[in-house]
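The structure appears below as structure tokens.
Just so you know, residue 1 is the first one in the sequence shown, and it goes up from there. Every number for a ligand or one of its atoms is a count from 1 in the order of the listing. Source: prediction; values computed, not measured.
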Amino acid sequence: MTAKKASAIANANIALSKYWGKRDEKLHLPQNSSISMTTEGLFAHTTVCFDAKFTKDSFVLDGKNIAPDTPEFKDYIGNFLTFVKKEYNITEKARIESKNNFPGSAGLASSAAGFAALATAVNSALGLGLDEKGLSILARRGSGSACRSILGGFVEWKKGVKDDGSDSYAVELATADHWKDFRMVFCITSLSEKKIKSRAGMNETVKTSPFYAEWLKTVESDLARIRQGILEKDFTIVGQTAENNALKMHSLMMTTEPSIMYWNSGTLEVIDAVLDIRDKGMGCYFTMDAGPQVKIICLAKDVEKIMKKIEALKSVEKMIVSRPGEGAYITDDHLF
Ligand code: PMV
């Protein structure tokens, strides 16, 4: 039998209306729908090969071998491979290599990009013939928000209501070309790995935050506003709603027991600068995920001025500017 090999590239994505909490931990079914932007230029490049001559599954991430007996392997790649092999009757072991062109596990959606690239590569290597919906569902089995990185531009992950997750997948709301001057400026305030993985953190939040039920009550109207704002390219509506939505999610994290605090002093320094820039009349907003980095939402015409102001802050190690990007795609450029 010949080796079945394929490679794919997938951009990360950053939610404008967040997902935090699952209704099914195994299938990664969310409690609420979410909307994101696929971020051009922050991507994962992944090669997978299934071959009868391999004696074990293996995974190399950014040049580091992740041993199969570690939770880092078992809870992520291991679970995903077990599902794929069972679902599609695959007997061969897999070799996977993945590279991010940005720091992993620091609240920059590396697992979203990684699993979207892996699902796309697996689909091609095994000839599964999945369409976008099928790919989104497969990527979701690796990591919830990965289902959004299959698609480009502005994307909505419909939470679905079915127990088997067959209606929980992402759809494109608008292409990357729809809003060409929309920007996110990533302000990196720490490159260390986060202490609490989003997976563990969100489960604790659902169980213990007294505000969780309130969050779910407001999510639908945030989604509707952001959806409409994207379609009408109403920057103020999208920015205001996204910022408020992110603060609500972080309030949930902070009121989890024990509390989950992803911010550092740099996070506050950047937030303060954004508020100051806005006070002076420029339209810009912020959002944050499961890490201390702040993503500034703005329009292309204001990027330079905003970056000048942020550059002066002591706590910002690095900035990356991103615009709406394409969905995941196959490449002939194999990592091995
Ligand atoms: O994709 P996960 O399961 O690691 O969760 C990501 C959650 C947030 O990034 C904090 C929010 C979101 O909607 O992307």
Q.
Check this for me - ligand 1, Lys22, N or O atoms closer than 3.5 angstrom, yes or no?
A. no
Q.
Heavy atoms only, cut-off 4.0 Å: how does Lys197 contact ligand 1, side chain, backbone, both, or neither?
A. neither
Q: May I ask whether His28 has any heavy atom positioned less than 4.0 angstrom from an atom of ligand 1?
A: no
(Q) Just by distance, no angles: are the side chains of Arg183 and Ser322 close enough, under 3.5 Å, to form a donor-acceptor pair? (A) no
Q: Could you list the atoms of ligand 1 found under 4.0 angstrom from a heavy atom of Ala15?
A: 12 (C), 13 (O), 14 (O)
**Q.** Check: Glu172 and Thr175 side chains under 4.5 Å, non-hydrogen atoms
**A.** yes
(Q) Under the salt bridge (Lys or Arg N to Asp or Glu O under 4.0 Å) test against Glu243, which residue among Lys295, Lys248, Arg278 passes? (A) Arg278
Q) Looking only at N/O atoms, are Asn13 and ligand 1 under 3.5 Å apart anywhere? A) no
Q. Could an N or O of ligand 1 be found under 3.5 Å from any N or O of Ser145, whether backbone or side chain?
A. yes
Q: Run the salt-bridge test on Lys309 and Asp276 with the 4.0 Å N-O cut-off and return the result as yes or no.
A: yes
Q: Check whether the side chains of Thr255 and Ser209 place a donor and an acceptor atom closer than 3.5 Å, and report yes or no.
A: yes
Q: Examine Arg199 against ligand 1 and note whether any of their N/O atoms are separated by less than 3.5 Å.
A: no
(Q) If we set the cut-off at 4.0 Å for heavy atoms, which region of Arg148 has an atom near ligand 1: side chain, backbone, both, or neither? (A) side chain
Q: May I ask whether Ser143 places a heavy atom under 4.0 Å from ligand 1?
A: yes
**Q.** Approximate separation, where rounding is to 0.5 Å, of Thr91 OG1 and Asn89 CG
**A.** 8.5 Å
